[in-house]
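Here's the structure, in structure tokens; my notes come after.
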Amino acid sequence: MPDKIESEVKSSKIILAQGDITKQTTEAIVNAANSLLRGGGGVDGAIHRAGGPKIMEECRKIGGCPAGEAVITTGGNLKAKYVIHTVGPIWKGGNAREEETLTRAYQNSLALASRKGIRTLSFPSISTGAYGYPLQEASKVALNTIGNYLKGHPEIEKVVVVLFSDQDFHIYQETLKEIGLR
Ligand code: AR6
């Protein structure tokens with residue numbers, strides 16, 4: 001019985017959304033950054049454009065973030081109060097510990113949110129754009145890691161995974177069903 005309750009709680013806490021993560025109203029949004037924290041294209045570019053120069057100023061002070069780790073800045077002009085910057089792995093074929101690094105990127109972002117008292121946060125699909133991680137495999141890593149974290153961390157109330165394209169959204173939906181969270 002307790003298992004069932006746990007999985008019900010867990011599933012209702014993970015929400016899939018389609019669109020632009022910069023519009024999210026969760027307390028924090030997660031950025032798929034690079035290890036220099038110097039901005040770039042994709043979701044990183046969109047977050048810095050929408051959030052304004054304050055975020056980059058803070059990133060410069062922090063200096064950098066190795067792959068698999070996470071750091072935090074304020075949200076600048078965004079609706080979100082914070083941006084958690086994490087760095088996913090660059091896909092090199094699957095034998096370069098990509099899965100482990102991607103798992104750590106999600107885990108460390110969630111752990112940082114917990115430490116900061118953040119209860120609601122949004123993730124993009126880390127590493128599946130410029131860094132080339134195959135989407136279906138990445139969706140399993142993302143949703144399993146978030147689901148496992150939420151089991152032991154009731155302080156996090158809601159995690160939104162924001163998918164940019166229709167196709168990505170459908171693949172994540174299928175994965176959520178497959179792994180039993182929907
Ligand atoms: N909202 C939500 N998702 C988005 C948005 C958005 N506004 N824009 C793009 N995506 P990517 P990565 C999706 O390339 O693969 C940057 O230059 C996109 O469709 O942003 O981790 C950094 O500086 C894809 O599914 O991140 C790094 O150098 C997903 O976000 C590098 O790219 C991730 O794509 C990081 O590459």
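Just follow the structure's listing: the first ligand is 1, and inside any ligand the first atom is 1.
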Checklist outcome for this item: ligand 1 to D44, heavy atom cutoff 4.0 Å, flagged ligand atoms 22 (C), 23 (O)
Next on the checklist: Can you report which non-hydrogen protein atom sits closest to atom 1 (N) of ligand 1, along with the distance?
Outcome noted: I21 N, 2.9 Å
Checklist entry - Does any donor atom in the side chain of E69 or T86 lie under 3.5 Å from an acceptor atom in the other side chain? => result no
Item to check | Any side-chain heavy-atom pair of V162 and P124 under 4.5 Å | outcome: no
Checklist entry - How long is the span from the CD1 atom in I72 to the NZ atom in K81, to the nearest 0.5 Å? => result 9.5 Å
Checklist entry - Contact between S165 and ligand 1, counting heavy atoms under 4.0 Å? => result no
Checklist entry - G39 near ligand 1, heavy-atom distance under 4.0 Å? => result yes
Next on the checklist: Using ring-ring contact (aromatic ring centres under 6.0 Å, His included), reason through Y149 and Y106 one step at a time and then give a plain yes or no.
Outcome noted: CA-CA 9 Å; Y149 187 88; Y106 282 98; over 10 Å; no
Checklist entry - Hey, which atoms in ligand 1 end up nearer than 4.0 Å to a heavy atom of G19? => result 1 (N), 2 (C)
Checklist entry - Given side chains that start at C-beta, do those of R119 and E155 come closer than 4.5 Å, heavy atoms only? => result no
Checklist outcome for this item: atom 33 (C) of ligand 1 has as its nearest protein heavy atom S125 O, 3.2 Å
Next on the checklist: Tell me the protein heavy atom at minimum distance from atom 32 (O) of ligand 1, and give that distance in Å.
Outcome noted: A130 CB, 3.6 Å
Checklist entry - Are I126 and F164 connected, step by step, through hydrophobic side chains (Ile, Leu, Val, Met, Phe, Trp, Tyr) whose heavy atoms are closer than 4.5 Å? => result no
Checklist entry - What is the closest protein heavy atom to atom 15 (O) of ligand 1, and at what distance does it sit? => result G129 N, 2.8 Å
Checklist entry - Quick one: do R104 and E100 make a salt bridge, cutoff under 4.0 Å? => result no
Checklist entry - Between K177 and E174, is the closest basic N to carboxylate O distance under 4.0 Å? => result yes
Checklist entry - Which residue and non-hydrogen atom of the protein lie closest to atom 13 (C) of ligand 1, and at what distance in Å? => result F164 CB, 3.9 Å
Next on the checklist: Could you identify the single nearest non-hydrogen protein atom to atom 21 (O) of ligand 1 and state the distance to 0.1 Å?
Outcome noted: S127 N, 2.8 Å
Item to check | Within one Ile-Leu-Val-Met-Phe-Trp-Tyr cluster: L112 and L110, side-chain cutoff 4.5 Å | outcome: yes
Checklist entry - What atoms of ligand 1 come closer than 4.0 angstrom to any heavy atom of A46? => result 7 (N)
Checklist entry - With a 4.0 Å cut-off on heavy atoms, is D168 touching ligand 1? => result yes
Item to check | Protein heavy atom at shortest distance from atom 9 (C) of ligand 1 | outcome: V43 N, 3.5 Å
Item to check | Donor-acceptor pair, side chain of K79 and main chain of T26, under 3.5 angstrom | outcome: no
Item to check | Gap between atom CD of Q173 and atom CG of L176 - 0.5 Å precision | outcome: 8.0 Å
Next on the checklist: Could you identify the single nearest non-hydrogen protein atom to atom 31 (C) of ligand 1 and state the distance to 0.1 Å?
Outcome noted: Y131 CE1, 3.5 Å
Next on the checklist: Which of the numbered atoms in ligand 1 are under 4.0 angstrom from any heavy atom belonging to T128?
Outcome noted: 15 (O), 24 (C), 25 (O), 29 (C)
Checklist entry - Going hydrophobic residue to hydrophobic residue with side-chain gaps under 4.5 angstrom, can you get from F123 over to F169? => result yes
Checklist entry - Which of the atoms in ligand 1, numbered in the order shown and given with their element, are less than 4.0 Å from a heavy-atom of D20? => result 1 (N), 6 (C), 7 (N)
Checklist outcome for this item: Within 4.0 Å of some non-hydrogen atom of G40, the atoms of ligand 1 are 17 (O), 23 (O)
Checklist entry - Considering only heavy atoms of G42, which atoms of ligand 1 have at least one such atom less than 4.0 Å away? => result 8 (N), 9 (C), 20 (O)
Checklist entry - Does G41 have a heavy atom less than 4.0 Å from any atom of ligand 1? => result yes
Next on the checklist: Can you tell me which portion of A32 lies within the under-4.0 Å heavy-atom range of ligand 1? Options are side chain, backbone, both, or neither.
Outcome noted: both
